[in-house]
Amino acid sequence: MSVTAKEPEKIRIQKNFDQIAWMAMRYSGVLLIPLAFGHMILQDVVVGVHQITTDYAVERMATLGWKLYDIFLLAFAFGHGMNGVRQVFRDYIHNPRSFRIVSSILFVVWLVISVIGAITLLAINPAMGR
Amino acid sequence: MQIKLRVFRFDPEKDQKPRFDTFFMDVDPNDRVLDLLEYVKADFDSSLALRRSCAHGICGSDAMRINGRNYLACKVLVKNLHSDQITVEPLLGLRVIKDLIVDMEPFFENYRSVLPYLINDEALPEDGKERLQTPEERDRFEDTTKCILCAACTTSCPSFWSDERYVGPAAIVNAHRFIFDSRDRAAERRLNILNQQIGVWRCRTAFNCTEACPREIHITTAIAEVKQAILSGKV
Ligand code: SF4
Ligand code: FES
């Protein structure tokens, strides 16, 4: 008797926040590799720590590309870290309601700091260096 | 060889706190740790409480912490431990009932929560006998059929130590066994059960489970396959 393999089954999965958080952790982790290494190589190797002056920083931050680069670096690194902190809290907070409150606070902190950082970076213009 | 055996003792009905009893004994390097505990029970102190049944690594009843790592006492030889000091403690993360016996109920409750049995309400095949599958289909869950529910994995997991409602590696292994079985029809239900904070997302790939499993099941791989099935919506 011959047996044929069953067709792959399509499954309906209800979305869950922890699934999204887990994915975000992977994606931000992958993105952080080029972002953080790019930053480190540029500042510490190409330019060198002793050459980093206010003028240099202002000049670099005057370009939109670098502004976006740094905003991404800040938002992703901070988000990745905050999600890690959230997981650590989860080990100690077992009540789902309390955990939801703590998660929301962490999210707001992340959002506020990232937005303040983005505004600051966007506000830098070449005139500030002189 | 001469060894020093330290055994965790605690009777919650009598003792204020746990203690360790120490025994010096002459043993064969090929003795199993279970044999040492049997010597203690026979020659020193018959009140020592432990679970064991088959003594051949198949029933899963004697998982315990030996020199800080989870093993089946009947499967680990004295010489495997590379030490003349052996400390035996109950599994971590579960309540001690007496000495080396822990309350396995939270573990089994998590196990039951993933529906660890074949679900298929379709009519039987024409010959009224077996539901057939190809060798490749069988291979997909071969590894996870080997579980003996000893709890060595789940009680080695830091996520489980912090919260025993986390289903734990053993439950995910047993869900995997049916999710990827072509004859089963409840993968969707199981994946939705596992797609929760206390489901697969509590796993942070610490790999303790894989190291602890006496059946050498690739547990972390199985968990990753379940995560993948949830994310892709395909089994
Ligand atoms: S997966 Fe391995 S360690 Fe975990 S319960 Fe099954 S046999 Fe024991
Ligand atoms: S006594 Fe059965 S597995 Fe060790």
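Numbers restart at 1 for each chain; the letters A, B, ... are given by sequence-line order, proteins then strands.
Contacts between residues 90-102 of chain B and chain A, defined by a heavy-atom separation under 4.5 Å, are made by no residue at all. Among the residues in residues 225-235 of chain B, those with a non-hydrogen atom closer than 4.5 angstrom to a non-hydrogen atom of chain A are B/Lys227, B/Ile230, B/Leu231, B/Ser232, B/Gly233, B/Lys234, B/Val235. Residues of residues 164-177 of chain B having a heavy atom under 4.5 Å from any heavy atom of chain A, listed by number: B/Arg165.
Taking A/Ile93 as the reference, A/Phe89, A/Ser98, A/Phe99, A/Val102 meet the side-chain contact (heavy atoms from CB on, under 4.5 Å) condition, with sequence neighbours excluded.
Interface summary for chain A: among B/Ile198, B/Val200, B/Thr134, B/Asp163, the most heavy-atom pairs under 4.5 angstrom belong to B/Asp163.
When atom types are taken as modelled, the side chain of B/Asp143 and the backbone of B/His218 share a donor-acceptor pair closer than 3.5 angstrom. A donor-acceptor distance shorter than 3.5 angstrom exists from the side chain of A/Lys67 to the backbone of A/Ile124, with no hydrogens or angles considered. Judged by distance alone, with hydrogens and angles left aside, the side-chain atoms of B/Asn120 form a donor-acceptor pair with the main-chain N or O of B/Arg183 at under 3.5 Å.
Looking at B/Glu137, the atoms closer than 4.5 Å to chain A (heavy atoms on both sides) all sit in the side chain, from C-beta outward. With a 4.5 angstrom heavy-atom cutoff, A/Met23 touches chain B only via side-chain atoms. Heavy-atom distances place the side chain of B/Arg204, and not its backbone, under 4.5 Å from chain A.
By the 4.0 Å N-to-carboxylate-O rule, B/Asp21 lies close enough to B/Arg9 to be salt-bridged with it. A salt bridge does not link B/Arg19 to B/Asp11: none of the charged side-chain nitrogens sits closer than 4.0 Å to a carboxylate oxygen. By the 4.0 Å N-to-carboxylate-O rule, B/Arg112 lies close enough to B/Glu105 to be salt-bridged with it.
Each of B/Gln133, B/Arg138, B/Arg140, B/Glu136 was checked for a side chain to side chain contact (heavy atoms under 4.5 Å, CB included) with B/Ser182, and the lone residue meeting it is B/Gln133.
To the nearest 0.5 Å, atoms CG (A/Asp91) and OG (B/Ser162) are separated by 3.5 Å. For the atom pair B/Arg69 CZ and B/Thr87 OG1, the distance stands at 15.0 Å (nearest 0.5 Å).
The shortest non-hydrogen separation linking B/Thr144 to B/Ala222 is CG2-CB, 3.9 Å. What you find for B/Asn192 and A/Gln14 is that their closest heavy atoms are OD1-N, 2.9 Å.
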Yes or no on salt bridge (charged side-chain N to carboxylate O under 4.0 Å, His left out) for B/Arg190 and B/Asp184, after CA distance, side-chain angles and deciding distance?
-> CA-CA 11 Å; B/Arg190 292 194 196 89; B/Asp184 185 89; 2.8 Å; yes

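Within a 6.0 Å sphere centred on OH of A/Tyr27, other residues, nucleotides and ligands contribute 12 heavy atoms or fewer. Around the NZ atom of A/Lys10, the shell of radius 6.0 Å holds more than 12 heavy atoms that belong to other residues, nucleotides or ligands.
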